[in-house]
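Protein chains get the first letters and strands the later ones, always in sequence-line order, with residue 1 at the start of each.
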There are 2 protein chains.
Amino acid sequence: MATVSRVVNGNPNVKPLTRKKVLETIRRMGYRPNAVARGLASKRTTTVGVVIPDISYAFFAELARGIEDIANMYHYNIILCNSDLKKDKELQLIEALFEKQVDGLLFLGGKVTDEHREIFSGSDVPVVLAATRDDKENRPYVTIDQVQAAKEATGVLIREGHQRIGLLGGPLTDPIIGYPRYLGYKEALLESGLPFEEKWIRMGNYRYDSGLKAAKELLETEEGPTAIFAVNDEMAAGAIHAAQDLGKRVPEEISVIGFDNIPLATQVRPLLSTVAVPMYDIGAVAMRLLTKYMNDEPIENNQVVLEYRLELRDSTRLQGEPAH
Amino acid sequence: MATVSRVVNGNPNVKPLTRKKVLETIRRMGYRPNAVARGLASKRTTTVGVVIPDISYAFFAELARGIEDIANMYHYNIILCNSDLKKDKELQLIEALFEKQVDGLLFLGGKVTDEHREIFSGSDVPVVLAATRDDKENRPYVTIDQVQAAKEATGVLIREGHQRIGLLGGPLTDPIIGYPRYLGYKEALLESGLPFEEKWIRMGNYRYDSGLKAAKELLETEEGPTAIFAVNDEMAAGAIHAAQDLGKRVPEEISVIGFDNIPLATQVRPLLSTVAVPMYDIGAVAMRLLTKYMNDEPIENNQVVLEYRLELRDSTRLQGEPAH
DNA sequence: CTGTTAGCGCATTCAA
DNA sequence: TTGAATGCGCTAACAG
């Protein structure tokens, strides 16, 4: 019995001939190791929990792919849970994941509250944040500099000479996307001495339809913006179509820049200029970092800020890529 | 100890006062049940395995959302695995999932081979197929009638009066999408007495870029098609843009119809006419069916064919919805 | 209604 | 290099 355990787990202390015989017998009997029993005995389940806002968003789907690929590479499985960004659901899911004895947890894109911190620190399971961060406590994360990126995106419109730049934002209560990207927009305007006007700001829910609708409102007003920064690509695509529906040409009359660089960005005409966020990499790097924690590998940097890139295509007029 | 187990599992055979005391103590101690131990003892893990081609495809992401929602509703967790439609990877994943003692398995959108059948029947874990089927063995599935739907989509173009109808297909070796949708296209043409020409057929990989490229080739040829049926929306969107890039107006000069009705269909101009596939429902119904198997509930129908719907928007000229 | 007992299928000592 | 014994934390009879 112990010997079988040894060969199944690749323990070298088995005579080659014995190993061969065991393997043969395993094959013949169709023996399948019970990972649950193994998990109970070894206290390792080789599965990690992933709490993600909504897998049906292109952004998170791509991130999840990065996570799963790396997990698979290190022989982990992932238990995937949609949180819809609801705190109570998040908490309940994390609890359930801990009960299932996951070896690690990836928490994506939600706000980290005291309740999160309490449940996280009540366990010795490593937790890595992805596409979010905890600015109060020191917890490992992988993300990008949202404020700076939003600032640069807005900067593109400014350098094109626009004086009236609108914002298609997300809820300011969203500390992960909505607020920082709003902040970047605001800072860019203020630093350039351009007017920052509430009336050129509309909040959406990150979906195409909300972008379409909000952009229409913006563009229909007197003295409306001549350029729009949307905090994600879906809304930006909506803005392009809103402009077109109103008979305005993009980018000749209206410039639009988005954020994320989801596939949709190259599936609209004109091609959408945007901030290319390394979605897959955020997931992959976060998962890799988590494996280091789970296997007690040395960790040089547990708070990684990935690079983004301005991807200027045809919905803006500026050419080339500015340094940043 | 047994009493604690009873209150944790909601067993009614506990005196209310005792229950209260146990609950109180649990809270005070911060006791967290170990689901792995429970799984070993009870032989139920309340987790199901999901093998899916690629979660970063909008189609499967939406399906996965349906699965997870219903799983969550019935207090199951899902272990999500991307197979990339590779048989060996699928097999290996299924094996790993069985080792982890999943209570059930959802197998999505891959071809079911003899090797699949062997591994499936070598276990008593219930398996439900979603967005695919096994036409050789009698296994539960949830899907739509691909051939008929493709036939109707093609029929829309035929009724518009087109004589030269092109196909943007998938690999004919793909028995789930590529082949049946090709078949529907072919049957529709033949039944209408229209020419079925190889030269009007291009195979893509379901991605936007391949649709764009293939459609360009098709539309640039002499005597090219005046209408295109793409077997999925991404390629259809590519076709719309290919036409536009060539200076042809959609739908005035070229009609395009897609398949799936992913969000992209309403995020291009003109809005894409397509076959609305109930992606979320396929996932949800499949998961619900699986819960019935896992809980030994009576099952009236274990091979469900869901309804699709023609969603005629602006990339075709036909109005309204034909009966089917 | 509650406590006692015996596994669940493994990994992990410890001896041999 | 191998086998025997122990226990991981729980559920499921069973007895009381």
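Annotation: B/Lys111, atom NZ; neighbour count of heavy atoms from other residues, nucleotides and ligands within 6.0 Å does not exceed 12. Shown here is B/Tyr179, whose OH atom has no more than 12 heavy atoms of other residues, nucleotides or ligands within 6.0 Å. Counting heavy atoms of neighbouring residues, nucleotides and ligands inside a 6.0 Å radius, atom NZ of A/Lys89 exceeds 12 of them. For CD of B/Glu118, the number of neighbouring non-hydrogen atoms (other residues, nucleotides, ligands) closer than 6.0 Å is 12 at most.
A heavy atom lying under 4.0 Å from DNA chain C marks none of the residues of residues 22-36 of chain B.
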Between the protein and nucleotides 14-16 of chain C, are there any N/O to N/O pairs under 3.5 Å, and if so, what are the atom names and distances?
none

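Proximity of A/Thr47 to A/Ile78: side-chain heavy atoms (C-beta onward) are nowhere separated by under 4.5 Å.
Using modelled atom types, one finds a donor on one side chain and an acceptor on the other under 3.5 Å when comparing B/Asn302 with B/Tyr293. A/Tyr206 and A/Asp174 share a side-chain donor-acceptor pair at under 3.5 Å.
Remark: P of C/dC10 and NZ of B/Lys100 are 15 Å apart, rounded to the nearest angstrom. Spacing between atom CG of A/Asn11 and atom C1' of C/dT13 amounts to 13 Å, rounded to whole angstrom units. For B/Asn13 and C/dT4, the CG to P distance is 18 Å, given to the nearest whole Å. The interatomic distance linking A/Leu40 (CG) with C/dT12 (P) rounds to 12 Å, in whole Å. Residue B/Lys21 contributes atom NZ, which lies 13 Å from atom C1' of C/dC1 at whole-angstrom precision. One atom, CD of B/Glu99, and another, C1' of C/dC10, lie 13 Å apart when rounded to the nearest Å. The CG atom of A/Asn9 sits 15 Å away from the C1' atom of C/dT13 (whole-angstrom rounding). Between B/Arg38 atom CZ and C/dG7 atom C1' there is a gap of 18 Å when expressed in whole angstrom units.
In summary, A/Glu234 and A/Arg207 engage in a salt bridge, as defined by a charged side-chain N under 4.0 Å from a carboxylate O. Salt-bridge annotation for B/Glu300 and B/Lys292: present, with a side-chain N of the basic residue lying under 4.0 Å from a carboxylate O of the acidic one. Between A/Glu297 and A/Arg288 there is a salt bridge, since at least one side-chain N of the basic residue sits less than 4.0 Å from a carboxylate O of the acidic one. Under the 4.0 Å criterion applied to side-chain N and carboxylate O atoms, A/Asp260 and A/Arg181 are assigned as salt-bridge partners.
Place B/Ala41 and B/Lys15 on DNA chain C by their nearest nucleotides, and B/Lys15 ends up nearer the 5' end.
Among the atoms of the strands shown, base atoms are found under 4.0 Å from some heavy atom of A/Ser5.
Here chain B contacts DNA chain D (any atom closer than 4.0 Å to a heavy atom, that is under 4.0 Å), and the contacts span D/dG9 to D/dC14 from 5' to 3'.
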